[in-house]
Amino acid sequence: DVALGKAKITFDNLKNAGRHSPCSNILNMTDVQTRYYLHFQVEDKPGVLAKIAGIIGANNIGIASVIQQDVKKQGCVPLVMLTHQAKEGDVRNAVAKIKQLDVVKGETRFIRIEDW
């Protein structure tokens with residue numbers, strides 16, 4: 001719409017749509033449920049996966065898949081997890097606790113997976 005010069009029409013229509021639509025409940029972001037991609041850099045030693053999976057499970061999050069590669073960077077390996085549907089608040093709590101583990105090094109990332 002911007003490229004075609006119709007952006008003003010589109011945005012004016014969006015402003016008016018809110019006035020005429022019935023009141024809807026907007027979820028707090030912590031209550032939004034979706035799947036998540038989690039990426040950690042962890043020490044390559046026994047028990048690390050169990051510690052992380054324990055925290056994830058304790059926060060009501062189901063694990064759909066796990067990939068732990070052999071590629072080592074300064075003694076660490078990437079650990080990638082995909083979750084089942086989970087609340088954002090639960091994921092944020094779990095990630096905050098996992099970051100505090102002494103076996104987790106470097107940047108921890110989580111990305112929402114929006115299913116259509």
Side-chain angles (χ1 to χ4, degrees):
D1 284 351
V2 171
L4 296 174
K6 299 188 308 183
K8 181 173 176 8
I9 297 167
T10 300
F11 289 113
D12 286 344
N13 288 337
L14 287 173
K15 283 191 275 186
N16 292 331
R19 292 186 197 132
H20 302 293
S21 63
C23 181
S24 62
N25 293 330
I26 298 175
L27 285 177
N28 185 312
M29 196 61 202
T30 59
D31 294 328
V32 170
Q33 290 193 31
T34 190
R35 297 182 317 127
Y36 291 86
Y37 164 93
L38 307 172
H39 182 274
F40 308 99
Q41 286 292 332
V42 299
E43 289 181 3
D44 188 22
K45 61 183 191 180
V48 171
L49 181 58
K51 285 182 183 180
I52 292 172
I55 292 171
I56 289 172
N59 281 275
N60 303 312
I61 303 165
I63 299 170
S65 66
V66 176
I67 300 171
Q68 186 171 358
Q69 299 175 347
D70 287 340
V71 180
K72 292 184 185 178
K73 293 181 184 176
Q74 300 171 344
C76 294
V77 294
L79 174 64
V80 175
M81 295 180 167
L82 297 179
T83 72
H84 293 291
Q85 291 272 331
K87 285 187 177 182
E88 174 102 6
D90 292 338
V91 172
R92 287 183 182 270
N93 287 337
V95 168
K97 290 176 184 171
I98 291 167
K99 282 182 177 182
Q100 295 174 355
L101 295 174
D102 60 344
V103 296
V104 177
K105 309 293 182 193
E107 190 76 24
T108 296
R109 299 180 200 106
F110 76 95
I111 300 172
R112 287 177 211 98
I113 301 172
E114 302 278 335
D115 291 323
W116 292 89

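For the numbers below, each heavy atom of this structure counts, side chains included, while hydrogens, waters and symmetry mates do not.
- Pairing each heavy atom of Glu88 with each of Met29, the nearest pair is CB-O, 3.0 Å.
- At a threshold of 4.5 Å between non-hydrogen side-chain atoms, the residues Pro78 and Gln41 count as touching.
- In this structure, the separation between CG on Leu38 and CZ on Arg109 is 12.0 Å, given to the nearest 0.5 Å.
- Here the shortest heavy-atom pairing between Ile63 and His84 reads O-NE2, 3.5 Å.
- Linking Ile, Leu, Val, Met, Phe, Trp and Tyr residues whenever their side-chain heavy atoms come within less than 4.5 Å leaves Ile67 and Met81 in two separate clusters.
- Counting only distance, with no hydrogens or angles, the side chain of Thr108 and the backbone of Phe40 share no donor-acceptor pair below 3.5 Å.
- Proximity of a side-chain donor or acceptor of Asn59 to a complementary backbone N or O of Ile61 within less than 3.5 Å is not detected.
- One hydrophobic cluster, built from ILVMFWY side chains closer than 4.5 Å, cannot hold both Leu82 and Ile52; they sit in different ones.
- In this structure, CD1 on Ile56 lies 12.5 Å from CG on Asn93, to the nearest 0.5 angstrom.
- Side-chain contact check for Val48 versus Val77: every heavy-atom pair is 4.5 Å or farther apart.
- Counting heavy atoms of neighbouring residues, nucleotides and ligands inside a 6.0 Å radius, atom NZ of Lys97 does not exceed 12 of them.
- The minimum heavy-atom distance between Gln85 and Arg35, with the atom names listed, is N-CG, 3.8 Å.
- Counting only heavy atoms from C-beta outward, the side chains of Lys87 and Thr30 never approach each other to under 4.5 Å.
- Environment of CG in Asp70: sparse, with no more than 12 heavy atoms of neighbouring residues, nucleotides or ligands closer than 6.0 Å.
- Taking each heavy atom of Asp102 and Lys51 in turn, the nearest pair found is OD1-NZ, 4.0 Å.
- Following chains of ILVMFWY side-chain contacts shorter than 4.5 Å, one cannot reach Phe110 starting from Val32, and the two form parts of different hydrophobic clusters.
- Atom NZ in Lys99 sits 15.0 Å away from atom NZ in Lys105 (nearest 0.5 Å).
- The cluster map of Ile, Leu, Val, Met, Phe, Trp and Tyr, joined by side-chain heavy atoms under 4.5 Å apart, puts Val80 and Ile55 in different clusters.
- Residues Glu43 and Val103 form a side-chain contact, since some pair of their non-hydrogen atoms from C-beta on lies under 4.5 Å apart.
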